[in-house]
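FYI, side chains are in, hydrogens and waters are out, and symmetry mates aren't considered; it's all heavy atoms of this structure.
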Amino acid sequence: MPPRGNKKKKGGRSSAEQSDTDLLDDTASNVSSSSDLRSLTGEEGFPPPDAIDETEAQEDFEEKLRDQIDGTTQKSANGRKSCLAGLRQTFSRKVLPDFIDNRKVTITDCVERCLKKGKGEEQALAASVGSLLCVQLGSREGCEEIYNNLKPVMITIMNDKSAAATARAACAQALGLICFIAAGDMEEVVDIMGGLEKIFCVAYLKGDGTSPSHSPALQALHCAALSAWTLLLSIAPPSKVQEFVRTHLPKLPQLLQSDDVNMRIAAGEAIALLYELARVQDEDFLGQDLDSLCTRLKQLATESVKYIAKNDKRKQRSSFRDILRGVEEAEAPNDTVRFSVEEIYLDSWVKKRQYEAFKDSLGAGVNQHLQENELLRDIFSLGAPIDVAAYNKQNKISRFERHMYNSAAFKARTKVRSKQRDKRTVTA
């Protein structure tokens, strides 16, 4: 007789078989669920390693950025300057509108405090951070309020003759840029232009026709004020353009006599921009004493005196060749700026001055901002940001096409070199 425990019921399973089968089913179900989870999140139910690394890196980055913001309130002046320098570098090289938007009031307060209580370098750094704050936020709500908060203290420092010239120059540059970005109306822009003119007008010739003597630091201040004034001129309405042409075009050529190469170039670009804007309304506009002006521009475009450094001469000649063509022949600049898979054409003095202003503020980060910053993409009519990876994938050429291109280039190069060798042989 078989053992009692092994007796089967008709049409069913033993309790041992049933429990083993249930256990196998549960295990299979668990294994399947675990496999599905790993396929979505990584081994052992955790996110993929790349996602973890990226998330941790972003969290660390934001934590350091918060520490730098908090560090601008410390007692140590050197510590505050270090934190401001860190913020300037980060804001210029990365596009962080959401992070900054959530902390714009705090950052504005920190910048304003450093401008009021700091000295020299700290004020210059704070002014730069303040302008970059507006560049990051662009047309977002609250940018005009930031401008209104920072404007009074920047104007005070810019006009304070006892303040360091470097701080005054930084405030002049920043004031022009944040006004360009966030000013509420044209009257506000014209008012700021008037304040900037009071700074650079002292560089005009003296009553006896000689150039005034200023230290290099003060010359840099005058140049920064003139460049900021020219930036705001680029958005002036036609009625104001006529007024500026009448009041400023006769005086600006005096600055071409300056012994500072940057001031000469800034003055030349302001003159070229005035001519460009005037000719929008009157194609035949010539201005006063055009022949004398062009003679001076030609001198600067070909100057070869020994007391000017080689780099300065090279920069001056290149700039004034373009300026001369713009004034004498109404020819617009023809510069191309390439970044990633895109490019912009600087085909007017308006665009050129606006691009140079952002480049001066952003430095090496200007290309990154041209790719991602909505404000810059709107100003230069670039449209929505491009997904570079998707673009490259769509426009990627095949290995065969690349091979054929390289083969054709090699053949062409070989022919050119063969002809050159033949010429050398005949000459010998």
[atom2] on [Y] to [atom1] on [X], rounded to 0.5 Å:
X: Ser128; Y: Gln173; atom1: OG; atom2: CD; result: 6.5 Å
X: Asp191; Y: Met186; atom1: CG; atom2: CE; result: 11.0 Å
X: Asp335; Y: Glu356; atom1: CG; atom2: CD; result: 8.5 Å

Testing the 3.5 Å rule here: is there a donor-acceptor pair between the side chains of [X] and [Y]?
X: Lys198; Y: Asn159; value: no
X: Gln219; Y: Asp259; value: yes
X: Glu343; Y: Thr336; value: no
X: Thr210; Y: Asp208; value: yes
X: Asn78; Y: Ser76; value: no
X: His248; Y: Glu197; value: yes
X: Glu62; Y: Gln58; value: yes

Audit row: Arg66, Glu63, salt bridge (charged side-chain N to carboxylate O under 4.0 Å, His left out) steps and yes/no: CA-CA 5 Å; Arg66 284 191 290 268; Glu63 182 65 28; 2.9 Å; yes
Of all the heavy-atom pairs spanning [X] and [Y], show the shortest one and how long it is.
X: Ile192; Y: Cys179; result: CG1-SG, 3.8 Å
X: Pro97; Y: Leu137; result: O-CD2, 3.9 Å
X: Ser361; Y: Leu132; result: OG-CD2, 3.5 Å
X: His369; Y: Leu376; result: CB-CD2, 4.0 Å
X: Lys75; Y: Arg80; result: O-NH1, 2.9 Å
X: Gly130; Y: Leu150; result: CA-CD1, 3.9 Å

Over-ring placement of Arg377 relative to Phe380, 6.0 Å and 45° cut-offs: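 No, a cation-pi geometry is absent between Arg377 and Phe380.
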Cation-pi geometry met for Lys94 and Phe99 (6.0 Å, 45°):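 No, Lys94 does not sit over the ring of Phe99.
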Taking C-beta and beyond as the side chain, do [X] and [Y] meet within less than 4.5 Å on heavy atoms?
X: Val245; Y: Tyr275; answer: no
X: Gln354; Y: Ile379; answer: yes
X: Phe320; Y: Arg264; answer: yes
X: Cys171; Y: Leu115; answer: yes
X: Asn373; Y: Asp378; answer: no
X: Thr73; Y: Arg113; answer: yes
X: Phe358; Y: Ile181; answer: yes
X: Pro333; Y: Asp347; answer: no

Full working for salt bridge (charged side-chain N to carboxylate O under 4.0 Å, His left out) between Glu342 and Arg338: CA-CA 6 Å; Glu342 300 177 85; Arg338 293 181 175 84; over 6 Å; no
May I have the list of side-chain donor-acceptor pairs in residues 200-207 shorter than 3.5 Å, sequence neighbours left out?
none

What do you reckon, is [atom1] of [X] surrounded by more than 12 foreign heavy atoms closer than 6.0 Å?
X: Lys240; atom1: NZ; result: no
X: Gln299; atom1: CD; result: yes
X: Lys251; atom1: NZ; result: yes
X: Tyr345; atom1: OH; result: no

Full working for salt bridge (charged side-chain N to carboxylate O under 4.0 Å, His left out) between Glu276 and Lys352: CA-CA 12 Å; Glu276 179 178 88; Lys352 185 177 178 68; over 6 Å; no
Intermediate values then yes/no, side chain to side chain donor-acceptor pair (under 3.5 Å), Ser162 and Asp160: CA-CA 5 Å; Ser162 66; Asp160 184 1; 2.6 Å; yes
Option from Arg321, Arg279, Arg325 for which salt bridge (Lys or Arg N to Asp or Glu O under 4.0 Å) with Glu331 holds: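 That would be Arg325.
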Chi angles and distances behind the side-chain contact (heavy atoms from CB on, under 4.5 Å) call for His222, Leu218: CA-CA 6 Å; His222 303 154; Leu218 283 177; 4.2 Å; yes
Audit row: Lys151, Glu188, salt bridge (charged side-chain N to carboxylate O under 4.0 Å, His left out) steps and yes/no: CA-CA 11 Å; Lys151 177 185 69 173; Glu188 176 73 17; 2.7 Å; yes
Carboxylate-amine/guanidinium proximity below 4.0 Å for Asp291 and Arg296: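 No, Asp291 and Arg296 are not salt-bridged.
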